[in-house]
Amino acid sequence: MNPMNQQEPMIEVSPTIRVEKGPLRKRAVATDAKRADKSGLLEMAPDLDEQGKADPTKQTRHAKLPDGTVLARHYKLGFADALGFEIEAGKEFTYLDWMGGWGWYVYQLQDVGVTAKGEIIMPDSPHILKGRYDTADRKAVKTQPRWITVGIFAGRDEALIAAGELKGKE
Amino acid sequence: MKKHLFEDIHLQWFAFLGDQLLDLPLQELETNYTRQDICSQEPATYTEATSTYTLANKTACTYTGPADRSPNGRKTTVDAVTGGSVTSTGTASHWAMSKTTATTYLGAAGSLASTQGVTSGNTYSLTAFDIGIPDAT
């Protein structure tokens, strides 16, 4: 395991600002090529179980991207990517880089809008990738407190400085 | 469902690691990581699992294990959940198990077998699933 990937305790900067370490979200193109290099890694084709079924619970090997990035085992064709969309060959998908470099997330407790159906309206932010939660109906009838990503940093100190600046504005 | 934090431990430098050692993190999960969240996307942190992307949750979840894992290694089974609270409407794609007492941590996360629409105010059920650690190779 990459020692840079080890978890660390969450840092509560204030009752409404916190900093936490975690894997970064990245994008890549999925391929349907199936090959094994000498390390035994395959490109994105899922392992089949005894019944010949591609079961996300029974993946034993890691896929590897052409640039050498090793993915966590559940990122395979036909399975959900990190945003909850199906991974398709030749198309971009989103993954959490559990095996690679982690970053530091800064979160702020905000009142977010809730639609009449009970859907959360996520704020427009470069730090929040649109997943299945994104609703076309963005008319809020009430609000709900949620911790929202307001910054992502490579280093702990950078994150703490940003969090401190945010706290100063409260 | 893939379990990032434990299945991706690289044990390749060891020819052997006893079951009693593989069981230690699994027992930690069983004892302390008892909050389950169903999320709209894969959470990277405890905060994302329990707040940012949560759609539903169940506390005081139980486990059965540790036990032998197939084809090798050890596992624990998160027992089936019923009556979990759906707090937001959306499409659930991932699950997460978190520790909420003392120092909070995201313990494990993975994708659901298939995405599922959930409606705020309803309850959810989830079948039992395994979290495992393969043998050293």
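The sequence lines fix the lettering, A, B, ..., with proteins before strands; numbering per chain opens at 1. All values below were derived from every heavy atom in this structure, side-chain atoms included, with hydrogens, water molecules and symmetry-related copies excluded.
In summary, A:Arg146 and B:Glu48 do not engage in a salt bridge, as defined by a charged side-chain N under 4.0 Å from a carboxylate O.
Looking at B:Thr47, the atoms closer than 4.5 Å to chain A (heavy atoms on both sides) sit in the backbone and in the side chain alike. Neither the backbone nor the side chain of A:Glu86 comes within less than 4.5 Å of any heavy atom of chain B.
Taking each heavy atom of A:Glu20 and B:Tyr46 in turn, the nearest pair found is OE2-N, 2.8 Å. Listed here is the closest heavy atom pair of B:His94 and A:Ala80: CE1-CB, 4.3 Å. Residues B:Thr87 and A:Gln144 come closest through the heavy atom pair O-NE2, 3.7 Å.
For the residue pair B:Thr45/A:Tyr107, the side-chain donor-acceptor check at 3.5 Å is satisfied. In the model, B:Tyr105 has no side-chain atom that pairs as donor or acceptor with a side-chain atom of A:Glu8 under 3.5 Å. Between the side chains of B:Thr89 and A:Glu119, not a single donor N or O lies within less than 3.5 Å of an accepting N or O.
Among A:Val112, A:Leu83, A:Leu24, the residue with the largest count of heavy-atom pairs under 4.5 Å with chain B is A:Leu83. When the candidates B:Ala92, B:Ser114, B:Ser88, B:Ser120 are compared by the number of heavy-atom contacts under 4.5 Å with chain A, B:Ser88 comes out ahead. By number of non-hydrogen pairs under 4.5 angstrom with chain A, the leading residue of B:Cys39, B:Ser93, B:Ala44 is B:Ala44.
Both B:Tyr124 and B:Val78 sit in one connected hydrophobic cluster of ILVMFWY residues. Membership requires side-chain heavy atoms under 4.5 Å apart, directly or through other members. Taking hydrophobic clusters as Ile, Leu, Val, Met, Phe, Trp and Tyr residues chained together by side-chain heavy-atom distances below 4.5 Å, A:Leu166 does not share a cluster with A:Ile148. The hydrophobic clustering, which links ILVMFWY residues whose side-chain heavy atoms are closer than 4.5 Å, places B:Leu22 and B:Leu24 together. One hydrophobic cluster, built from ILVMFWY side chains closer than 4.5 Å, cannot hold both A:Ile152 and A:Val106; they sit in different ones. Under the 4.5 Å side-chain heavy-atom criterion for Ile, Leu, Val, Met, Phe, Trp and Tyr, A:Val150 and A:Leu109 are members of distinct hydrophobic clusters.
Between atom OH of residue A:Tyr105 and atom OG1 of residue B:Thr52 there is a gap of 10.5 Å, rounded to the nearest 0.5 Å. In this structure, CG on B:Leu55 lies 8.5 Å from CD1 on A:Ile120, to the nearest 0.5 angstrom. Distance CE/A:Met122 to OG/B:Ser40: 6.0 Å, rounded to 0.5 Å. Within the model, atoms CD of B:Glu42 and NE2 of A:His74 stand 3.5 Å from one another, a figure rounded to the nearest 0.5 Å. Between the OH atom in B:Tyr53 and the CD1 atom in A:Ile128 there is a gap of 5.5 Å [rounded to 0.5 Å].
Looking only at side-chain heavy atoms (C-beta outward), B:Thr103 and A:Met10 stay at 4.5 Å or farther from each other.
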